[in-house]
Q: 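One structure follows; several queries about it will come next.
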Amino acid sequence: MLAALLVLAFLGVWQAYTSIGGPGELILPSPLQIGEALIDDRDLLWDDFLVTATEVGLGVLCALVVGFVAAVALHRSPLLRRATYPLLVGSQAVPIVVLAPLLVFWLGFGLGPKLAIITIICFFPVAVTTLDALDRTDPDRRKLLRTLGASPRQVFWWAEAPAAAPAALSGARIAVAIAVIGAVLAEDSGSNSGLGHLLKQSNGQLETARAWAAVVVLAAFAVTLFYALVLAERRLLPWAARPGGSPR
Amino acid sequence: MLAALLVLAFLGVWQAYTSIGGPGELILPSPLQIGEALIDDRDLLWDDFLVTATEVGLGVLCALVVGFVAAVALHRSPLLRRATYPLLVGSQAVPIVVLAPLLVFWLGFGLGPKLAIITIICFFPVAVTTLDALDRTDPDRRKLLRTLGASPRQVFWWAEAPAAAPAALSGARIAVAIAVIGAVLAEDSGSNSGLGHLLKQSNGQLETARAWAAVVVLAAFAVTLFYALVLAERRLLPWAARPGGSPR
Amino acid sequence: GSKEDDIAGTPQTQKLTLMLDYFPNADHAGIYAAQASGAFAKVGLDVDIQTPSDPSAPLKLVEAGRADLAISYEPELLLARDKGAKLVAVGAIVNKPLTSLMALGKEKITRVEDLRGKTVGTAGIPYQAAYLKTILEEAGVPPEDVKTVDVGFNLVPAMISGKVDATLGAFWNYEGTQLQREKKDPDIIRMETVGVPTYDELVVVASEETTKDRGALVRRFFQALRQGTEQVRADPAAGVTPLLKANPDLDRGLQEAVVRKTLPVFFPADDEDPFGYMDPSQWRAYGRWMLDRGLITKEIDPTSLTNEFLPGAPIGNEREGLD
Amino acid sequence: MTTRSDAGAQTPTATGAPGGPGAVRLDGVAFAHRPRRGGPVPAVDGLSLHAAPGEVVALVGPSGCGKTTLLELVCGLVAPDAGTVAADPAVLMPQRDQLLPWLTALDNAALGPRLAGVGRDAARTAARPLFERFGLAGFEQARPDELSGGMRQRVAFLRTLLAGRPVLCLDEPFAALDALTREELRAWLAGALATEPRTVLLVTHDVEEAAVLADRVLVLSPRPARVIAEVAVDAPRPRTGTDPAVLEVRSAVLEALR
Amino acid sequence: MTTRSDAGAQTPTATGAPGGPGAVRLDGVAFAHRPRRGGPVPAVDGLSLHAAPGEVVALVGPSGCGKTTLLELVCGLVAPDAGTVAADPAVLMPQRDQLLPWLTALDNAALGPRLAGVGRDAARTAARPLFERFGLAGFEQARPDELSGGMRQRVAFLRTLLAGRPVLCLDEPFAALDALTREELRAWLAGALATEPRTVLLVTHDVEEAAVLADRVLVLSPRPARVIAEVAVDAPRPRTGTDPAVLEVRSAVLEALR
Ligand SMILES: Nc1ncnc2c1ncn2[C@@H]1O[C@H](COP(=O)(O)OP(=O)(O)OP(=O)(O)O)[C@@H](O)[C@H]1O
Ligand SMILES: Nc1ncnc2c1ncn2[C@@H]1O[C@H](COP(=O)(O)OP(=O)(O)OP(=O)(O)O)[C@@H](O)[C@H]1O
Ligand SMILES: [Mg+2]
Ligand SMILES: [Mg+2]
């Protein structure tokens with residue numbers, strides 16, 4: 001309740017700021033103008049949302065798989081870690097502008113390069129948090145499982161993976177939140193639809209209210225994905241849930 | 001040693017790929033061409049690097065502070081969490097294109113908007129990992145400290161903060177790795193120097209090898225920052241270091 | 001170029017990937033009109049229109065063979081050729097510079113001289129920085145009297161927020177129309193009027209290989225594109241409809257206004273010239289300017305452009321070569 | 001003395017008890033754990049316990065009967081579902097030592113003074129002699145995971161003593177120690193309490209230990225815990241396990257437990 | 001039987017001992033911990049220990065002398081710096097229970113069979129009767145942090161028994177249990193070993209417990225651990241704490257410890 005009031009207050013201040021000066025609606029529309037755009041352009045937003053949602057959904061899946069697999073591989077093999085971890089870190093410094101033509105060359109103009117871009121952007125938080133958590137596994141726990149007859153694979157599944165799961169899910173939540181912006185960047189090239197495309201077109205046409213409406217949809221989508229993972233965590237890792245049960 | 005060989009093999013494959021076909025040097029130069037550009041343009045790269053390094057350094061500092069403070073605040077106040085956490089998540093979905101004009105309006109063309117962009121991009125992993133780790137503090141530890149007479153603030157500094165520190169540093173390492181690309185995005189507007197600016201210019205002039213040389217410098221910088229934090233963690237949190245001591 | 005094929009005996013449909021220079025907009029109205037009216041299909045082309053990640057990507061992807069044709073800019077093409085790219089301009093779709101110096105009415109910048117002591121926003125493109133220098137020199141304004149700042153693609157917002165007094169890089173047909181519609185009363189100075197040699201802002205680019213082996217493809221493309229562009233000229237309102245249909249996020253009012261304004265430069269100034277005609281002597285002059293400014297390293301090559309695939313153009317380049 | 005009744009907030013305890021610092025008073029207290037699945041688990045029910053300042057009360061009872069829960073109630077870490085809890089500031093020595101992994105053994109022991117505002121060096125100086133007294137010399141700089149089980153327990157014991165609170169809640173303080181070390185620590189504790197009395201609630205499975213150290217031994221029922229017998233130990237101190245009075249108390253308690 | 005000598009890899013143990021499954025043989029073993037700061041801490045030095053299959057050997061010694069380290073050597077979790085360790089597959093019951101927080105109490109107990117490839121339901125079915133036998137009925141679905149200290153220890157004990165390995169290394173298995181429960185479990189263990197013999201290395205601080213359960217009691221020196229006395233227990237089973245032979249062993253061991 002109080003939380004809703006705080007959010008309303010935030011919107012109120014914004015509205016007031018735009019009406020008494022502010023940078024003008026071409027740069028920052030008021031919440032009411034954005035709301036209007038949301039309603040007027042709902043068909044357009046919905047169609048583009050479906051496109052972007054598909055990209056994000058598939059991209060996040062790829063990113064999670066790549067992130068987890070990378071973390072496990074680097075955790076298992078110190079050699080691999082020394083050789084490839086710096087490259088993975090470095091991959092985060094490669095801007096889309098130099099990457100995009102290469103991806104188009106390799107993967108064509110379809111969904112391929114978009115998924116690749118989302119994956120490159122999103123796998124990293126998952127890989128880092130998961131790897132760190134795997135490294136932090138209590139060595140005594142590993143020892144215990146070995147005396148109980150566990151193979152290295154079993155040690156992983158019974159002790160290391162569950163212990164690393166909460167941190168991995170922190171990484172996954174970061175990933176889903178930034179996947180949306182990843183899709184926007186990915187739609188820079190080779191797309192004729194999607195919220196990112198809409199956003200840039202609207203921005204280019206000074207339809208700023210519509211651009212912000214697209215931002216609102218994107219943000220709502222990111223928040224939804226984020227909290228969906230919070231809920232999933234409660235179900236998947238009941239033992240890790242805080243007794244207080246306060247939402248993350 | 002073996003790791004160095006693996007990296008060399010990677011470069012070798014790349015070199016071979018570019019010489020027997022590949023997408024052409026306008027899209028993907030060979031390692032040798034990039035190396036040449038690194039040497040030929042070293043003065044240019046160095047000057048621009050200094051600019052970008054300043055932005056990244058200050059931006060990362062801001063991001064770390066904002067991320068930690070946000071995590072602590074949301075951890076302390078469930079009300080604040082309900083009201084603002086979704087907004088923080090949503091902030092990750094706001095693309096630079098709509099943000100940049102606003103930041104320029106507020107902060108002009110100087111360092112201000114660049115720090116703001118880097119902060120917005122980088123605070124998030126820090127905030128999420130730190131908040132999650134704070135939430136996961138063992139309640140028994142909290143209880144113990146209270147019976148020892150600790151105030152809530154002392155419980156935080158003596159029990160919660162150290163317990164959350166390793167996860168927070170995971171987040172910080174993600175943050176420094178992506179700060180570099182944040183600077184590149186930030187230099188898209190309102191800058192006349194910096195590696196991002198150089199990269200954009202070189203790319204626009206089809207000086208692809210120089211653009212990739214800038215990418216190499218950026219990546220090396222990201223990797224350096226990342227491993228600097230790994231070393232810092234060993235010093236700051238000796239109790240959290242793995243006995244094996246394998247590099248993270 | 002190969003001359004064996006002609007359009008009359010239309011063979012089976014061929015796929016053609018066309019990369020735009022930027023997001024779809026009014027400059028591309030003729031392309032979408034050709035697409036929608038079936039002009040491309042009639043010449044046996046199945047055109048796949050793609051947008052690039054940044055304006056340099058189309059040339060790279062044509063060079064790499066991932067796109068058959070790309071829309072680019074004359075200066076960009078000359079830069080690419082200077083870098084050794086085997087690319088050729090095969091026709092213009094806008095025959096004049098669009099890049100302009102622009103300022104909001106309230107800034108009272110109507111002449112280049114008015115820039116003295118002002119801040120100019122640029123898109124961070126080196127040859128446009130050279131434009132600014134050229135026009136300032138031409139007007140006798142010392143370049144150090146003008147502050148420049150690279151605002152990326154935020155030219156219009158930078159003006160609106162009052163952080164720059166003028167910009168160099170916005171298109172008179174697009175941003176100019178936009179600002180007029182927003183009642184910002186822009187003052188626009190076109191480059192070719194203040195000392196920059198004229199050039200073809202938007203050109204269609206193909207690889208040398210394509211011009212050698214698949215000239216018919218290009219020829220058919222231009223034939224259809226002329227039909228599409230003529231439909232737009234005949235009825236601009238109806239002409240932009242296909243563009244809007246394909247890109248529902250575009251605003252009809254704005255795009256139609258832009259198209260009306262751009263119509264004159266969609267066609268060569270001289271009616272004698274075929275659609276898409278590029279004037280080699282103008283190219284030569286512009287190339288020399290680029291060389292003088294240190295933007296390129298050598299005189300441009302006559303094979304940088306060819307008009308041989310244009311509708312109504314004689315086969316071959318003999319009409320008026322560069323030399 | 002702070003009073004907490006049902007539905008009271010889980011505030012830390014405060015000082016200032018009538019009748020001297022160290023009084024503990026539980027009246028008709030009930031508490032049930034609420035596990036994540038399944039119904040509530042009543043751990044304490046209708047339990048009353050009064051300890052005068054300076055008194056040593058031993059609590060014995062079957063495993064899982066609610067002893068740890070009882071100490072948490074006394075320390076104000078959980079609020080009772082019914083009844084009232086009034087206790088002076090109490091420090092808990094938990095069953096699992098709960099040493100902080102980021103502090104050295106010495107700093108763990110000196111935690112109480114540090115939290116009370118004593119400077120780092122002063123706190124360490126205060127802890128060091130006891131460290132040696134307890135056979136931990138040479139391990140001041142060791143991290144908790146570099147200590148043996150019994151060493152950890154001794155550090156935790158030290159931390160509890162140094163916290164300087166009027167009430168000590170000791171949850172099996174000597175369970176991980178060998179017979180000799182245990183006896184030594186017991187003797188030390190008895191001596192320390194003689195010179196500087198504190199109220200002690202001692203949970204132990206070692207009935208002999210209870211008889212040697214306590215003024216009174218309370219026998220608790222199986223879950224939920226209630227006091228089912230109270231045995232006073234009327235023997236002069238220092239006592240040993242072979243004193244007749246101690247043996248007598250021992251058999252009385254064992255009898256009550258059965 | 002797997003042999004590990006100095007600098008040997010820390011491989012898990014393997015089966016196939018000459019002389020029946022369950023033999024343990026340590027000869028002149030030395031091991032020093034290497035803490036993060038400071039020099040090495042010798043925990044075991046020149047220690048030899050032979051246990052025949054089916055034998056129950058109790059280990060007593062002062063806190064911190066190296067008992068836990070010794071069990072880790074036997075289980076192959078650390079490699080000796082010198083000497084040889086040869087032991088059949090041994091399962092460890094650690095001093096701190098190490099229950100897995102993501103498994104229920106029942107699943108923790110049934111972990112050994114699960115790891116050996118037994119299906120979930122079959123493993124649970126195998127564990128359930130013992131669960132009840134050990135007074136844990138009703139807590140099958142509880143998570144470890146919802147159990148009392150003694151309940152956790154019982155679950156860990158159960159997990160160790162169910163692992164089905166020829167050698168059991170028990171590190172203070174009953175330290176957190178009250179006298180009655182402890183006696184019950186002891187009796188149960190003695191009975192179980194009688195019907196199905198296993199080699200047991202029992203670390204305990206309770207000398208009586210050592211005397212009641214073991215065939216032999218080894219007394220270890222203070223750190224670094226060496227065997228300083230060996231007391232054989234020649235009394236028929238079942239024994240109780242008041243058997244004269246047990247009392248005799250008890251005082252002999254206490255004497256050796258002093
Ligand atoms: N956090 C919890 N959630 C749910 N149930 C709990 C929790 N803590 C304890 N219990 C239950 O409460 C009962 C009493 O636990 P408590 O720890 O007080 O026992 P105890 O007397 O200390 O036992 P022990 O001697 O074995 O340590 C037990 O049945 C236990 O399962
Ligand atoms: N991981 C470690 N790093 C460094 N030193 C250690 C480590 N583990 C144990 N030690 C040291 O080795 C010695 C023996 O430890 P160990 O745990 O084997 O003793 P213990 O006989 O089991 O004692 P207790 O009865 O108190 O459990 C101790 O002095 C301890 O400080
Ligand atoms: Mg307890
Ligand atoms: Mg031990």
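To find a chain, count down the sequence lines: A is the first, B the second, and so on, and within it residues start at 1. Predicted model only: the values in this text are computed from it and were never measured. Just the heavy atoms: all of them, side chains too, but no hydrogens, waters or symmetry mates, feed the values below.
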Q: Counting only heavy atoms closer than 4.5 Å, note whether V41(E) contacts chain D via side chain, backbone, both or neither.
A: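 Just the side chain, heavy atoms under 4.5 Å.
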Q: Given L111(D) and L103(D), is the side chain to side chain contact (heavy atoms under 4.5 Å, CB included) satisfied, shown in steps?
A: CA-CA 9 Å; L111(D) 191 53; L103(D) 298 183; 4.0 Å; yes
Q: I'd like to know which of A176(E), A175(E), C65(E) tops the heavy-atom pair count under 4.5 Å against chain D.
A: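 The option with the most such pairs is A176(E).
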Q: Does anything in residues 179-188 of chain D get under 4.5 Å of chain E by heavy atoms, and if so which residues?
A: A179(D), L180(D), T181(D), R182(D)
Q: Give a yes or no on whether a salt bridge exists between R36(D) and E146(E), defined as a side-chain N under 4.0 angstrom from a carboxylate O.
A: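 Yes, this pair counts.
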Q: Who among T68(D), L177(D), V207(D), V60(D) has the most heavy-atom pairs with chain E under 4.5 Å?
A: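 Answer, by heavy-atom pair count under 4.5 Å with chain E: L177(D).
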Q: Quick one: do K67(D) and D171(D) make a salt bridge, cutoff under 4.0 Å?
A: no
Q: Less than 4.0 Å between a side-chain N and a carboxylate O, is that true for D145(D) and R96(E)?
A: no
Q: Give, for atom OG1 of T104(D) and atom CG of L147(D), the distance between the pair rounded to the nearest 0.5 Å.
A: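 Reported to 0.5 Å precision, the distance equals 9.5 Å.
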Q: Is the shortest heavy-atom distance from the side chain of L168(D) to the side chain of L201(D) under 4.5 Å?
A: no
Q: Please list all pairs passing the ring-ring contact (aromatic ring centres under 6.0 Å, His included) test where one or both residues lie in residues 135-159 of chain E, with sequence neighbours left out.
A: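 Only F134(E)-F157(E), F157(E)-F174(E) qualify under ring-ring contact (aromatic ring centres under 6.0 Å, His included).
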Q: Shorter than 4.5 Å, heavy atoms on both sides: which option in P35(D), S63(D), S148(D) has the most such pairs with chain E?
A: S63(D)
Q: For atom CZ of R34(E), is the number of surrounding heavy atoms from other residues, nucleotides or ligands below 6.0 Å larger than 12?
A: yes
Q: Counting heavy-atom pairs under 4.5 Å with chain D, which one of D97(E), D206(E), T69(E) comes out on top?
A: D97(E)
